Amino acid sequence: MKNESKTIPSGWYYVADSSEIARGQVVRKELFGQILALWRTESGAARVTDATCPHLGSDLGKLGKVVGEHLQCFSHRFEYDGAGTCVKTPRATPCRTEAVLHSYPVHEVSGFVLAWYDAARRQPTWRIPDHVFDAAGHGRFVKSQYTFDCSVETINEDNFDVGHLFNWHELSEVKSTLPTVDGATISVVHDFTRHSILTQRKLPPPFHVLSREITSRYGSTLYGHGLTYSFIEIPAFEFLTQDFIWPTPISATKTLYTTFLRRKLPSGKRTLRQRLLQTVLHPVLFPAFVIRLRLEHKHEGRGFWENQLRVEEPIITERERPMLEPYWEWCRQFDVDQQPPRRYLPTVTEPAAPAKKARKAARTA
Amino acid sequence: MSALGLDPRPIGWFAIARSDELRRGGEIAGVLAAAPYRLRRRRDGAVDVDGRIGALAEQNGFVFAWHHPGGAAPTWRVPALDETGWRPLRHRLLRARSHPQEVYENSIDTGHFPVIHGYSDISVLQPMRLDGHEMTVGYQIARKAPLPKLDWKVVANFEVHLHGLGCAHNHIEVPMFGLRVRMFALTTPTEPDRVDIRLGVAIARDLGLPGGRLVAPLVHAGVKHGIVNDFLQDMEVWERKRYLRPPLLVKGDGPIERFRRWSQQFYAADAARAEVN
């Protein structure tokens with residue numbers, strides 16, 4: 001069994017870019033285990049509803065048409081408003097009209113169309129604050145999108161799984177803060193050293209000079225399971241990027257993984273070194289960084305997340321426990337099934353330090 | 001059950017081939033209700049079959065097969081129609097994502113006639129009548145004449161006579177042209193959620209028009225084109241339609257619930273029970 005709940009966790013999820021849905025347009029998408037109709041009224045309001053017409057089952061995503069503020073089914077001309085109420089038919093009124101077409105609360109911000117999903121159809125109890133999307137002083141977004149056969153919980157667990165940072169990402173000297181939980185939000189910051197910002201593995205001689213070890217900081221804040229707002233900072237190059245990672249459930253076991261990466265632009269008074277870095281290095285570094293991150297996301301998704309199984313009684317180390325335990329507990333608030341918390345087996349001893357660290361320690365000795 | 005939500009193995013007679021496709025010594029392979037079959041015509045004209053097919057009947061230019069998931073023998077037959085006075089059938093095979101029940105439900109879903117097909121002035125000449133495995137319904141409709149730049153309305157009477165979920169004999173009359181049309185709409189469940197629709201269209205030889213014999217081939221081709229076009233319009237809807245239980249019906253939708261209850265006799269007991277529940 002994969003590392004996932006049986007139902008999709010509740011929360012705000014990215015469903016489209018604002019530019020994907022023009023006024024009067026209907027877009028069909030398969031998300032949340034449903035076929036959805038994403039449409040925009042003539043006045044410009046974005047709407048997300050189920051795509052199956054409750055009258056006789058026609059696909060509104062394909063045969064729906066926006067008429068003013070309503071969505072009209074092509075087959076029998078039934079019309080629905082944004083709340084899913086049947087407001088017009090060519091003949092009589094149906095026996096029930098209110099919320100016959102399931103609609104999803106929508107929040108459109110900074111070019112993202114977000115929809116609230118809750119398996120029990122409860123209304124939203126929180127919202128992603130608008131200031132998270134503040135674009136001042138940042139460049140344009142670069143979008144990447146993948147589909148992974150795993151749940152959103154598996155993907156988000158990555159932020160708290162310190163063990164895999166050494167082995168999978170080949171990082172060293174990782175220092176992590178403990179996760180901070182605030183309602184639907186959980187944050188963590190990792191400081192680490194890696195071979196290079198451009199390659200994951202150490203390059204063989206003579207190219208090893210290009211893969212100079214570099215200290216970086218990675219911080220992430222999760223707003224429910226739908227958004228991981230993260231930053232990567234390389235202090236040596238005064239390089240800072242923002243990454244909006246949107247894992248959207250296609251189903252409970254399949255995720256549409258969309259990332260929007262942008263870099264911080266230079267501003268204010270700068271030294272000559274800063275000017276050189278920001279005008280010469282950063283424009284070259286950023287595209288290379290985008291390519292590297294894309295490869296890393298894809299590699300990790302296909303190789304790691306898709307092959308993770310759920311363990312009911314996980315064996316975790318003393319180091320992992322304070323990171324994973326708060327995350328698992330935080331996840332429970334979004335779980336409609338309210339699965340019992342995981343039981344931990346007695347903690348095992350810390351594994352041996354990575355080989356490189358051991359070598360360094362031996363040299364010092 | 002299929003993704004569409006209907007049992008892909010209904011009981012009844014289903015057309016599995018056209019007679020003229022199966023030459024002496026020839027062979028045809030296909031799938032009926034998710035099970036493969038192979039038809040072979042012997043030199044003496046008889047047809048042999050391999051597969052889970054209970055009985056065969058060849059009539060009106062089609063080979064019908066009896067399908068029952070439990071292997072039971074046929075309890076009724078599709079009547080053969082007299083072909084005297086009719087032009088030979090013009091054929092078309094359509095393959096759709098649908099189910100025989102969905103295809104025939106269309107004939108009583110009067111709500112979609114004006115929207116999808118552009119019919120107007122629809123009136124029910126004969127309300128739906130259910131009799132054992134048979135269903136009959138009749139309408140009068142008006143539709144635009146198939147002539148460009150002419151806003152003529154052609155009034156037609158049409159009657160649907162359904163024999164189980166595999167065979168519809170439709171009779172269409174256009175009194176203003178003295179035109180009589182006979183249409184076989186034969187559905188065959190193949191793979192789950194896939195249906196073959198064999199259309200056979202014939203018109204009466206005696207067109208009530210001067211020079212009728214001369215224009216008959218042209219009229220025949222035009223009528224077939226119109227009928228196929230109507231089916232293609234429906235297929236666009238079927239391609240992604242879902243079978244809803246229960247649907248959100250309104251007055252004027254046609255007796256859809258009654259039709260669905262009648263259809264339950266064509267499923268094995270467990271599938272039918274699940275549908276009723």
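So you know, we letter chains A, B, ... as the sequences are listed, proteins then strands, and number each from 1. Keep in mind that this is a model prediction, so the values were computed, not measured.
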Novice: Can you say whether A:S58 sits under 4.5 Å from chain B via the side chain, the backbone, both, or neither, judging by heavy atoms?
Specialist: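 Contact with chain B involves both backbone and side-chain atoms of A:S58.
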Novice: Answer yes or no: are there more than 12 heavy-atom neighbours, outside A:K65 itself, under 6.0 Å from its atom NZ?
Specialist: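 Result for NZ/A:K65: open.
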Novice: Please report the C-alpha distance between A:S75 and B:V115 in whole Å, then the side-chain angles of each, then the deciding distance to 0.1 Å, and finally whether the side chain to side chain contact (heavy atoms under 4.5 Å, CB included) criterion is met.
Specialist: CA-CA 6 Å; A:S75 297; B:V115 186; 5.9 Å; no
Novice: Counting heavy-atom pairs closer than 4.5 Å to chain A, which one of B:E239, B:R240, B:E105 comes out on top?
Specialist: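 That would be B:R240.
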Novice: Counting only heavy atoms not in A:K143 (residues, nucleotides, ligands), do more than 12 fall under 6.0 Å from its NZ?
Specialist: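 Yes, NZ of A:K143 has more than 12 neighbouring heavy atoms, counting only those of other groups under 6.0 Å.
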Novice: Quick check on A:F78 against chain B: is it the side chain, the backbone, both or neither that has a heavy atom closer than 4.5 Å?
Specialist: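 For A:F78, side-chain heavy atoms alone lie under 4.5 Å from chain B.
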Novice: Please classify the contact of B:D253 with chain A as side chain, backbone, both or neither, using a heavy-atom distance under 4.5 Å.
Specialist: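 Both backbone and side chain of B:D253 come within 4.5 Å of chain A.
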Novice: Tell me whether A:W126 at atom CH2 has more than 12 heavy atoms from other residues, nucleotides or ligands lying less than 6.0 Å away.
Specialist: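 Above 12, so yes.
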Novice: Please test A:H76 against B:D109 for side chain to side chain contact (heavy atoms under 4.5 Å, CB included), starting from the C-alpha separation and ending with a verdict.
Specialist: CA-CA 10 Å; A:H76 299 85; B:D109 172 12; 2.7 Å; yes
Novice: Can you confirm whether more than 12 heavy atoms, excluding those of A:R302, are under 6.0 Å from its CZ atom?
Specialist: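 It does: A:R302 CZ has more than 12 such atoms within range.
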Novice: Give, as side chain, backbone, both or neither, the part of A:L56 having an atom under 4.5 angstrom from any heavy atom of chain B.
Specialist: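 It is both, since atoms from each part get that close.
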Novice: Enter the distance from B:I116:CD1 to A:L63:CG here, rounded to the nearest 0.5 Å.
Specialist: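 If I round to the nearest 0.5 Å, the distance is 7.0 Å.
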